[in-house]
Chemist: 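Have a look at this one before I ask anything.
Throughout, a chain's letter reflects where its sequence line sits, starting with A, and its residues are numbered from 1.
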Amino acid sequence: MPELPEVETVRRTLAPHLTGKSIDSFELRWHRTLQRPSLNDFTFAVVGRTIVDVGRRGKLVVMTLDDRSTITVHLRMTGELLFLSKRSSERDDARENHLRAIFGLSHGTELCFYDTRKFGKISWYPFDPASGFDQHIGLEPLADTFTADALASVLSTRHRLLKPLLLDQSVVAGLGNIYVDEALFRSRLHPLSIASALSHEQVEALHEAIVTLLSRAVESRGTTLRDYRSGLGDVGSYQHALRVYGTPAGSPCPECGSTLERLVIGQRGSIFCANCQVRVTRD
DNA sequence: CACTGAGCCTGCTAGC
DNA sequence: TGCTAGCAGGCTCAGT
C-alpha cells in the first residue's frame with residue numbers, strides 16, 4: 001500500500017520524465033477512477049497543457065500544469081503510475097485489464113495508471129490558492145515545518161486514540177497502517193494511548209521515529225509487500241527493515257522477546273508489543 | 001468532537 | 001482439486 005515513502009519514490013522517478021512534456025490525450029477506462037471534474041471538463045482542462053512540475057503532498061502525487069492548475073493522483077491501495085517511453089508498445093499485456101487511465105504525452109510517451117482494486121483517484125483542480133486540493137491535508141512529515149513542537153500542538157488538543165489520529169490525513173499527512181505501526185513500535189508507544197496524554201518526551205520520541213522511519217524508507221525507495229512499484233516499475237526494499245508490521249500475532253517481539261499482540265483499532269489491523277509499548281491514558 | 005459501520009473493489013488464502 | 005467465505009486496506013459518508 002503506497003504511503004508517503006512510496007508516493008515520494010513515484011514522484012522522484014516520474015519527475016525527470018514528465019517535466020516539460022505536454023499532454024496530447026487522455027483515455028479513461030474505468031469511470032470512477034476520475035474523481036473530479038467530469039470527463040469532458042477534465043479532458044478540456046488538461047489536453048494541450050504542459051506538465052511543469054511533479055510534486056507530492058501527503059500521499060498525493062501532484063502534477064502542476066503550465067496554467068498553474070493541478071492534476072492529483074491518489075494511488076490508494078493498489079494504484080501504480082508508470083511512465084512508458086514508447087506509447088502502448090511497452091505496456092504489459094497481462095495487466096491490460098487493470099489499466100484505468102492513460103495520459104498520452106509528447107515524444108510518443110505515455111503515463112499509465114494501473115489499479116487492480118479501482119480505489120485510486122485522479123482529480124483536477126484549477127489554480128486557486130484559497131481553495132486548492134490541499135485544504136484538508138495535515139502536517140507534512142518531511143518538511144522543515146514538521147517539528148516536535150508542531151506535532152505536540154496537534155496532539156495536545158485531541159482526546160483521541162493515538163493510532164487512528166496518526167492515520168488521519170488531516171492531522172499528519174502521508175502515514176498509513178505500515179508506518180504508523182512501525183513508528184509506534186520504535187517510539188515505544190501503545191496504539192491505544194490517548195494522544196493528548198503524551199508527555200513532551202514521548203511526543204519527541206514519536207516525532208523522531210516518524211522522521212527517521214520515513215527518511216530511511218524514502219532512501220530505500222519504499223516498501224514493496226505486494227503491488228507497489230515506482231514510476232518506472234521498480235520495487236522498493238524497505239520491507240526488509242520493518243520490525244513489526246507484517247509479523248503474525250504471537251511472534252516474539254524483536255526487542256524484548258515477549259509475544260506480539262494484534263488488535264483491530266479504528267478498523268485497522270494493528271500489531272504491537274504490550275511489554276515495550278507503554279499505554280498512556282492519564283490526561 | 002469522537003467514534004462506528006457501511007461501502008467501494010479484487011485477489012489471495014483458509015477452510016471445507 | 002475446486003469451491004466459497006472472509007480478509008485486507010485508505011478514505012468518505014451517514015448516523016450516533
Side-chain angles (χ1 to χ4, degrees), chain A residues 1-8 10 28-37 56-62 72-81 92 94-101 113-123 125 133-141 153-184 191-198 214 217 222-229 236 239 242 244-250 262-272 280-281 283:
Chain A
M1 310 111 244
E3 303 181 23
L4 189 153
E6 292 73 39
V7 179
E8 176 61 20
V10 169
L28 184 65
R29 298 208 177 168
W30 175 249
H31 68 292
R32 301 189 72 157
T33 293
L34 182 62
Q35 185 162 247
R36 59 168 285 173
R56 178 190 58 75
R57 181 73 173 93
K59 297 178 192 172
L60 284 177
V61 175
V62 181
T72 64
V73 180
H74 198 310
L75 306 174
R76 295 283 181 101
M77 308 295 297
T78 56
E80 290 176 47
L81 267 181
D92 183 352
R95 302 210 309 149
E96 191 72 9
N97 58 332
H98 293 152
L99 185 50
R100 308 304 180 197
F113 183 64
Y114 290 90
D115 187 18
T116 307
R117 293 191 196 173
K118 299 179 173 175
F119 282 3
K121 298 291 178 205
I122 298 173
S123 301
Y125 296 83
F133 61 88
D134 66 346
Q135 286 299 291
H136 303 287
I137 305 183
L139 297 174
E140 188 59 51
S153 72
V154 298
L155 297 184
S156 63
T157 58
R158 307 302 206 98
H159 195 74
R160 285 178 65 181
L161 297 180
L162 189 53
K163 168 143 182 174
L165 186 72
L166 291 174
L167 286 171
D168 187 335
Q169 301 299 299
S170 69
V171 178
V172 180
L175 296 174
N177 210 33
I178 298 173
Y179 294 111
V180 167
D181 275 7
E182 291 293 314
L184 289 173
L192 293 175
S193 297
I194 302 296
S196 57
L198 299 193
L214 294 181
T223 298
T224 298
L225 292 176
R226 178 169 290 150
D227 301 291
Y228 165 71
R229 301 289 185 277
Q239 60 276 12
L242 298 176
V244 287
Y245 185 88
T247 309
R262 196 191 119 96
L263 281 179
V264 175
I265 304 169
Q267 298 161 286
R268 308 266 161 64
S270 306
I271 186 92
F272 60 95
V280 190
T281 56
D283 217 337

Chemist: Give, for atom CG of A:Leu162 and atom OG1 of A:Thr281, the distance between the pair rounded to the nearest 0.5 Å.
Modeler: 12.0 Å
Chemist: Output a table of nitrogen or oxygen pairs between the protein and nucleotides 3-6 of chain B separated by less than 3.5 Å.
Modeler:
from	atom 1	to	atom 2	distance (Å)
B:dC3	OP2	A:Arg160	NE	3.2
B:dG5	N7	A:Gln267	OE1	3.2
B:dG5	N7	A:Gln267	NE2	2.9

Chemist: Contact class for A:Lys121 (heavy atom, under 4.0 Å): base, sugar-phosphate, or nothing?
Modeler: nothing
Chemist: Do you know the tightest heavy-atom contact between A:Gln239 and A:Gly222?
Modeler: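 In terms of heavy atoms, the two residues are closest at OE1-O, 4.0 Å.
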Chemist: Expressed in angstrom and rounded to an integer, what is the separation of A:Glu3 atom CD from C:dA8 atom P?
Modeler: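 After rounding, the reported distance stands at 16 Å.
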Chemist: Rounded to the nearest Å, what distance is computed from the CG atom of residue A:Leu175 to the C1' atom of nucleotide C:dC11?
Modeler: 15 Å
Chemist: Would A:Phe119 pass as stacked on B:dC8, i.e. its ring centre under 5.5 Å from the base's six-membered ring centre and planes under 30° apart?
Modeler: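 Yes, A:Phe119 stacks on the base of B:dC8.
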Chemist: For nucleotides 13-16 of chain C, list the nitrogen or oxygen atoms of the protein found under 3.5 Å from its nitrogen or oxygen atoms, one pair per line.
Modeler:
none

Chemist: Kindly give the heavy-atom pair with the smallest separation between A:Gly79 and A:Pro2, and that separation in Å.
Modeler: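 So the minimum-distance heavy-atom pair works out to O-CG, 4.3 Å.
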Chemist: Between the protein and nucleotides 10-12 of chain B, which nitrogen or oxygen pairs are less than 3.5 angstrom apart?
Modeler:
from	atom 1	to	atom 2	distance (Å)
B:dT10	OP1	A:Lys118	NZ	2.6
B:dT10	O2	A:Arg117	NE	3.3
B:dG11	OP1	A:His98	NE2	2.9

Chemist: Where each residue is assigned the nucleotide of DNA chain C containing its nearest heavy atom, which of A:Val264 and A:His74 is assigned the position nearer the 5′ end?
Modeler: A:Val264
Chemist: Report the residues that fulfil salt bridge (Lys or Arg N to Asp or Glu O under 4.0 Å) with A:Lys59, sequence neighbours left out, ordered by chain and then residue number.
Modeler: none
Chemist: For residues A:Thr247 and A:Ile271, report the shortest heavy-atom separation together with the two atoms involved.
Modeler: O-CD1, 3.3 Å
Chemist: So does A:Arg76 get a side-chain nitrogen or oxygen closer than 4.0 Å to the phosphate oxygens (OP1/OP2) of C:dG9?
Modeler: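 Looking at the OP1 and OP2 atoms of C:dG9, neither is under 4.0 Å from any side-chain N or O of A:Arg76.
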Chemist: What do the steps show when you test A:Glu140 against A:Arg56 for side chain to side chain contact (heavy atoms under 4.5 Å, CB included), and what is the final call?
Modeler: CA-CA 10 Å; A:Glu140 188 59 51; A:Arg56 178 190 58 75; 2.6 Å; yes
Chemist: Base, sugar-phosphate, or nothing: which does A:Arg95 touch, judged by heavy atoms less than 4.0 Å apart?
Modeler: nothing
Chemist: Rounded to the Å, how far apart are A:Leu225 CG and C:dG10 P?
Modeler: 11 Å
Chemist: Testing the basics here: between A:Leu175 and A:Tyr179, what is the closest heavy-atom pair and its distance to 0.1 Å?
Modeler: CD2-CB, 4.1 Å
Chemist: Given atom NE2 of A:His31 and atom P of B:dC8, what is their separation to the nearest angstrom?
Modeler: 11 Å
Chemist: Is the shortest side-chain N to carboxylate O distance from A:Asp115 to A:Arg100 below 4.0 Å?
Modeler: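 Not counted as a salt bridge, because no side-chain N and carboxylate O are separated by less than 4.0 Å.
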Chemist: A:Asp181 and salt bridge (Lys or Arg N to Asp or Glu O under 4.0 Å): which partner among A:Arg262, A:Lys163, A:Arg268?
Modeler: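 With A:Asp181 as partner, salt bridge (Lys or Arg N to Asp or Glu O under 4.0 Å) holds for just one option, A:Lys163.
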Chemist: Whole Å only: how far is the CG atom of A:Leu162 from the P atom of B:dA2?
Modeler: 14 Å
Chemist: What contact category does A:Arg268 fall into here, base, sugar-phosphate, or nothing, at under 4.0 angstrom with non-hydrogen atoms?
Modeler: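 It contacts base atoms.
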Chemist: Once you round it to whole Å, what is the distance between P of C:dG9 and OH of A:Tyr179?
Modeler: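 Nearest whole value for this atom pair: 14 Å.
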Chemist: So what does A:Tyr245 touch, heavy atoms closer than 4.0 Å: a base, only the sugar-phosphate, or nothing?
Modeler: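 Contact class for A:Tyr245: sugar-phosphate only.
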Chemist: Would you call A:Arg117 and A:Asp227 a salt bridge, taking side-chain N to carboxylate O under 4.0 Å as the test?
Modeler: no
Chemist: Whole angstrom is fine here: how far is it from CG in A:Asp181 over to C1' in C:dG10?
Modeler: 14 Å
Chemist: Should the pair A:Arg229-A:Glu80 be classified as a salt bridge under the 4.0 Å nitrogen-to-oxygen rule?
Modeler: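 Salt bridge between A:Arg229 and A:Glu80, a charged N being under 4.0 Å from a carboxylate O: no.
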Chemist: Take A:Arg158 and A:Asp168 through the salt bridge (charged side-chain N to carboxylate O under 4.0 Å, His left out) test and state the conclusion after the steps.
Modeler: CA-CA 12 Å; A:Arg158 307 302 206 98; A:Asp168 187 335; 5.1 Å; no
Chemist: Would you say NE2 of A:His136 has more than 12 non-hydrogen atoms from neighbouring residues, nucleotides or ligands within 6.0 angstrom?
Modeler: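 For A:His136, atom NE2 is not crowded (no more than 12 foreign heavy atoms under 6.0 Å).
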Chemist: A:Met77 has an atom CE; how far is it from atom C1' of C:dT12, in whole Å?
Modeler: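 To the nearest whole Å, that distance equals 15 Å.
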Chemist: Of the non-hydrogen atoms in A:Val172 and A:Pro141, which two are nearest, and what is the gap between them?
Modeler: CG1-CG, 3.8 Å
Chemist: List the residues meeting side chain to side chain contact (heavy atoms under 4.5 Å, CB included) with A:Arg29, not counting sequence neighbours, and say none if there are none.
Modeler: A:Glu27, A:Arg91, A:Glu96, A:Leu99, A:Ile102
Chemist: Stem finding on DNA chain C, please: runs of three or more consecutive Watson-Crick or G-U wobble pairs, both distances under 3.5 Å, sorted by first number.
Modeler: B:2-16 with C:2-16
